[in-house]
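See structure below.
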Amino acid sequence: QVQLVESGGGLVQPGGSLRLSCLVSGFTSDDYAIGWFRQAPGKQREAVACISSSDGSTFYEDSRPGRFTISRDNAKNTVYLQMTKLKPEDTAVYFCAASSGPYRGSDANRPEYYNAWGQGTQVTVSS
C-alpha cells in the first residue's frame with residue numbers, strides 16, 4: 001500500500017521560502033509519478049508540479065519552474081517542493097499525491113491521475 005507523508009509546512013512571511021517534503025513508501029516499482037497540489041479555503045484543489053521517479057521529468061502548472069521547484073531524492077524516497085518568494089495567495093494546504101505506472105506529463109495536472117494522497121501540510125504566508 002502506497003503511503004505519502006508531507007512535512008515542512010508552516011508560517012512564513014511574504015517573500016520567504018519553505019521546502020516541503022513528501023516521504024513515499026509502498027511502491028513495488030521504480031517508475032511512478034509524484035505530484036504536488038494545493039487547496040486554499042473555498043477554492044478547488046490545483047496542481048503545482050509533478051516529477052517522474054525514474055528519469056526526473058517534471059511538469060509545472062504554469063509551464064515553467066518559476067518560484068516553485070520540484071525535485072526528488074530516490075535514495076531517501078522523498079520528493080521536495082522548494083518554494084521561494086512566497087506570496088499571501090500561496091497560502092493553502094499542500095498535498096503530495098502518487099500515481100503508479102509510467103509518468104505522463106499530459107495528465108500530471110489532473111487529480112484523477114493520482115491514486116494515493118497524503119494528509120496535507122498547511123502553508124500560511126502572512127506578515
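Remember, it's a predicted structure, so these values are computed and weren't measured experimentally. Residue numbers start at 1 and run along the sequence shown.
Residues Leu18 and Val125 share a single hydrophobic cluster, defined by chaining ILVMFWY side chains whose heavy atoms lie under 4.5 Å apart. Using a 4.5 Å cut-off between side-chain heavy atoms of Ile, Leu, Val, Met, Phe, Trp and Tyr, with links allowed through other members, Val123 and Leu4 fall into the same hydrophobic cluster. Ile34 and Tyr113 fall into different hydrophobic clusters, defined by Ile, Leu, Val, Met, Phe, Trp and Tyr side-chain heavy atoms under 4.5 Å apart, directly or through other members. Hydrophobic clustering of Ile, Leu, Val, Met, Phe, Trp and Tyr side chains at less than 4.5 Å, counting indirect connections, keeps Tyr80 apart from Tyr60.
A donor-acceptor pair is defined here as one N or O able to donate and one able to accept, closer than 3.5 Å; no such pair exists between the side chain of Thr121 and the backbone of Ser7. Side chain of Ser99 to main chain of Ala33: no donor-acceptor pair is present (N/O by atom type, distance under 3.5 Å, no hydrogens or angles). Gln82 places no side-chain N or O within 3.5 Å of a backbone atom of Arg19 that could act as its donor or acceptor partner. Here the side chain of Tyr94 pairs no donor or acceptor atom with the backbone of Val48 at under 3.5 angstrom.
The shortest side-chain heavy-atom distance between Val12 and Thr124 does not fall under the 4.5 Å cut-off. A 4.5 Å side-chain heavy-atom check between Phe95 and Gln119 finds every atom pair outside the cut-off. By the 4.5 Å heavy-atom criterion applied to side chains, Val24 and Thr78 are not counted as neighbours. The shortest distance between side-chain heavy atoms of Trp36 and Cys22 falls below 4.5 Å.
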request  = Please assess Asn74 against Ser53 for the test side-chain hydrogen bond (donor to acceptor under 3.5 Å, both in side chains), listing each intermediate value before the final yes or no.
outcome  = CA-CA 7 Å; Asn74 287 349; Ser53 68; 5.7 Å; no

inquiry  = Set out, in order, the CA-CA distance, both residues' side-chain angles and the distance that settles side-chain contact (heavy atoms from CB on, under 4.5 Å) for Val79 and Ser21, then state yes or no.
reply    = CA-CA 6 Å; Val79 172; Ser21 299; over 6 Å; no

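Under the 3.5 Å distance criterion, with hydrogens and angles disregarded, a donor-acceptor pair is assigned to the side chains of Ser100 and Asn115. Looking only at atom types and distance, the side chain of Ser54 has a donor-acceptor partner in the side chain of Ser52 under 3.5 Å away.
Asp107 and Arg110 are joined by a salt bridge, as a carboxylate oxygen and a charged side-chain nitrogen come within less than 4.0 angstrom of each other.
Taking the six-membered ring where tryptophan is involved, the planes of Tyr32 and Phe27 are essentially parallel, since the angle between them stays under 30° and well short of 60°.
The environment of Glu89 atom CD is dense: over 12 non-hydrogen atoms of other residues, nucleotides or ligands sit within 6.0 angstrom.
Taking the six-membered ring for Trp, Trp117 and Phe37 have ring centres closer than 6.0 Å. In this structure, Tyr103 has its ring center no closer than 6.0 Å to that of Phe59.
Contact record, Arg67 with Leu86: NH1-CA, 3.8 Å, taken as the closest heavy-atom pair. Across Pro14 and Ser126, no two heavy atoms sit closer than the pair CD-C, 3.6 Å. Across all non-hydrogen atoms, the minimal contact from Tyr114 to Ala108 is OH-O, 2.6 Å.
By the salt bridge (Lys or Arg N to Asp or Glu O under 4.0 Å) test, Arg45 is found to be paired with no residue, residues two or more places apart in sequence or in another chain being considered.
Results of the side chain to side chain contact (heavy atoms under 4.5 Å, CB included) test with Leu20 over Arg38, Glu6, Met83 single out Met83 as the only residue that passes.
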